[in-house]
Amino acid sequence: MLKAEHVTKKYRKTIAVNDVSFTLEPGSVTVLLGPNGAGKSTLFKSIIGFLKYTGEITLDGILNKTPEARARMGYIPEMPALYPNLTVKEHMEFLARAYRLKDYKDRADQLLEDFELTDKSKKFGDELSKGMQQKLNLCLGLLPDPEVVIMDEPMIGLDPHAIRKLKEIIEQERSAGKTVIVSTHIIDSVDMLWDRVLIMKEGVLRADMTKDELDQTGKTLEQLFFEITEGGGE
C-alpha cells in the first residue's frame with residue numbers, strides 16, 4: 001500500500017504540491033491527470049524520494065526515503081536520463097548492479113525483446129532515437145520488478161507497437177499485485193486500464209475517485225478532467 005499524507009512541496013514562494021493525501025492499494029492502476037504545471041512530476045519525485053517535502057509518504061508503513069522502501073519502487077521519468085557512453089545492454093547491467101539484482105538476465109532480455117531493442121543492445125545511449133530512448137527508459141524502470149511502479153508520461157514518443165506492449169505490461173503488473181501509478185496527457189490511452197484516478201490542478205488534488213464511482217456519475221474520464229481543470233469543479 002502506497003500512502004501519502006498531507007504532502008506539500010514548495011519551491012521558495014511557489015507551492016507546487018499543496019497538502020495532497022491519497023492511498024493506493026496493491027493490484028491497482030491509478031492514473032494521475034492534470035494540466036501542465038499541476039504538480040504531477042513534483043509529486044512523483046517526492047514519492048520516489050528525490051525531493052524534500054513536508055508530510056509523509058509510506059510504502060506498507062515504511063517511510064519512502066528508507067533504502068528498504070526505495071528498493072521496492074521503480075520510477076520511469078518523463079525524460080530519459082541515459083549515459084551516452086553506455087550501450088543499451090550496459091545500461092541494463094549497470095542498473096542491475098545498482099539494485100544488486102540476481103538472475104536478472106532473462107528478465108532483461110525479455111524486456112528488450114518486448115520493446116524491440118534486442119538488435120540495438122550494442123548501441124550507445126546517444127545513438128538511440130527519442131523513441132528508442134523512451135523504450136530503454138521503460139526497460140530500466142521495470143527491470144527490478146518493483147512492487148510500486150511510477151510512470152511519468154510513459155507513452156510519449158512510443159510507436160503503436162510499444163504502446164500496446166506497455167498496456168499489456170501494465171495489466172500484467174496489476175494482475176501480479178503491483179501498485180501502478182501512471183501520469184499522462186493522453187487520456188484515451190489509459191481509458192480501459194485504470195482503477196482509480198487522481199486529478200490535480202495548481203498543486204491541489206481536486207479528484208480522487210475509483211472507476212466504479214465515476215461510472216455512477218454517468219461521466220467519462222475526459223468529461224471529469226475538463227470539468228475540473230477548465231470548469232472549476234471539485
If you measure from OG on S129 to NZ on K120, what distance do you get to the nearest 0.5 Å? 8.0 Å

Got a salt bridge between R72 and D60, using NZ or NE/NH1/NH2 to carboxylate O under 4.0 Å? yes

Please say which of T229, L33, V20, T42 ends up in a side-chain contact (heavy atoms from CB on, under 4.5 Å) with M200. V20

Any donor and acceptor pair, going by atom type alone, linking the side chain of Q223 with main-chain N or O of T220 inside 3.5 Å? yes

When you group the ILVMFWY residues by side-chain heavy-atom contacts below 4.5 Å and let the links chain together, are F50 and L59 in the same group? yes

Please report the closest heavy-atom contact between V180 and E173, naming both atoms and the distance. CG2-CB, 3.8 Å

Side-chain donor-acceptor contact under 3.5 Å, E56 with H6: no

Counting only heavy atoms not in K10, do more than 12 fall under 6.0 Å of its NZ? no

Trace of the side-chain contact (heavy atoms from CB on, under 4.5 Å) decision for T210 with D195: CA-CA 6 Å; T210 66; D195 303 296; over 6 Å; no

To the nearest 0.5 angstrom, please state how far the CG atom of L143 sits from the NE2 atom of H91. 12.5 Å

Test side-chain contact (heavy atoms from CB on, under 4.5 Å) on L166 and L158 and set out the steps. CA-CA 9 Å; L166 177 57; L158 295 184; 4.1 Å; yes

Over 12 foreign heavy atoms within 6.0 Å of NZ, K9: yes

Mind listing the closest non-hydrogen atom pair of T184 and I186 along with its distance? OG1-N, 2.9 Å

Work out which heavy atom in L82 is nearest to a heavy atom in G125; give both atom names and the distance. CD1-O, 4.3 Å

Any non-hydrogen side-chain atom of L193 less than 4.5 Å from a side-chain atom of K167? yes

Does Q134 use its side chain to pair, donor to acceptor, with the backbone of P154 at less than 3.5 Å? yes

Would you say D19 and T8 are linked by a side-chain donor-acceptor pair, where the criterion is simply a distance under 3.5 Å? no

Distance (rounded to the nearest 0.5 Å) between M92 CE and C139 SG: 5.0 Å

Working note: K123 + T87, criterion side-chain contact (heavy atoms from CB on, under 4.5 Å); need CA distance, chi angles, decisive distance, verdict. CA-CA 5 Å; K123 281 188 172 292; T87 65; over 6 Å; no

CE-CD1 distance between M73 and I47, expressed to the nearest 0.5 angstrom: 8.0 Å

Tell me whether K178 is salt-bridged to D145, with the criterion being a basic N under 4.0 Å from an acidic carboxylate O. yes

For K65, does the NZ atom have more than 12 heavy-atom neighbours from other residues, nucleotides or ligands under 6.0 Å away? yes

Quick one: do I156 and I150 end up in the same hydrophobic cluster if we chain Ile, Leu, Val, Met, Phe, Trp and Tyr together by side-chain heavy atoms under 4.5 Å apart? no

Sub-3.5 Å donor-acceptor pair from the side chain of R107 to the main-chain atoms of L142, do we have one? yes

Quick one: does D109's side chain get under 4.5 Å of T118's, heavy atoms only? no

Looking only at heavy atoms, what is the nearest atom pair of N85 and E90, with distance? O-OE1, 4.0 Å

I'd like to know if L140 and L101 are part of one continuous hydrophobic network [Ile/Leu/Val/Met/Phe/Trp/Tyr, side-chain heavy atoms within less than 4.5 Å]. yes

Side chains of H185 and N36: does their closest heavy-atom pair fall under 4.5 Å? yes

Quick one: does N137's side chain have a donor or acceptor within less than 3.5 Å of a partner on P77's backbone? yes

Shared ILVMFWY cluster between L111 and I163, side chains joined below 4.5 angstrom? yes

Between L43 and F22, is any pair of side-chain heavy atoms under 4.5 Å apart? yes

Are the aromatic rings of Y104 and Y99 close, with centres under 6.0 Å apart? no

Please report the interatomic distance CG(L224) to CG(L214), rounded to the nearest 0.5 Å. 5.5 Å

Treat each ILVMFWY residue as a node, draw an edge where side-chain heavy atoms are under 4.5 Å apart, and state whether I187 and M155 are in one component. yes

Note, V149 side chain near T179 side chain (heavy atom, < 4.5 Å): no

How far does CG of L138 sit from CG of L117, to the nearest 0.5 angstrom? 9.5 Å

Does the side chain of L136 reach to within under 4.5 Å of the side chain of F115, using non-hydrogen atoms? no

Has K40 got its NZ or CZ under 6.0 Å from the middle of the six-membered ring of F44, at an angle within 45 degrees of the ring axis? no

Is it the case that atom CG in D103 sees more than 12 heavy atoms from other parts of the structure closer than 6.0 Å? no

Identify the two heavy atoms, one from G74 and one from P146, that lie closest to each other, and give their separation to 0.1 Å. N-CB, 3.3 Å

Trace of the side-chain hydrogen bond (donor to acceptor under 3.5 Å, both in side chains) decision for Q110 with D114: CA-CA 6 Å; Q110 184 61 57; D114 287 343; 2.8 Å; yes

Distance flag, aromatic centroids of Y83 and F124, threshold under 6.0 Å: no

Tell me, do S46 and I57 make a side-chain contact under 4.5 Å, heavy atoms counted? yes

Mind checking what makes salt bridge (Lys or Arg N to Asp or Glu O under 4.0 Å) contact with D208, not counting sequence neighbours? R196

Step by step, work out the side-chain contact (heavy atoms from CB on, under 4.5 Å) result for R164 and E168. CA-CA 6 Å; R164 182 178 66 179; E168 291 175 1; 3.9 Å; yes

So, do K122 and V88 sit near enough that their side-chain heavy atoms are less than 4.5 Å apart? no

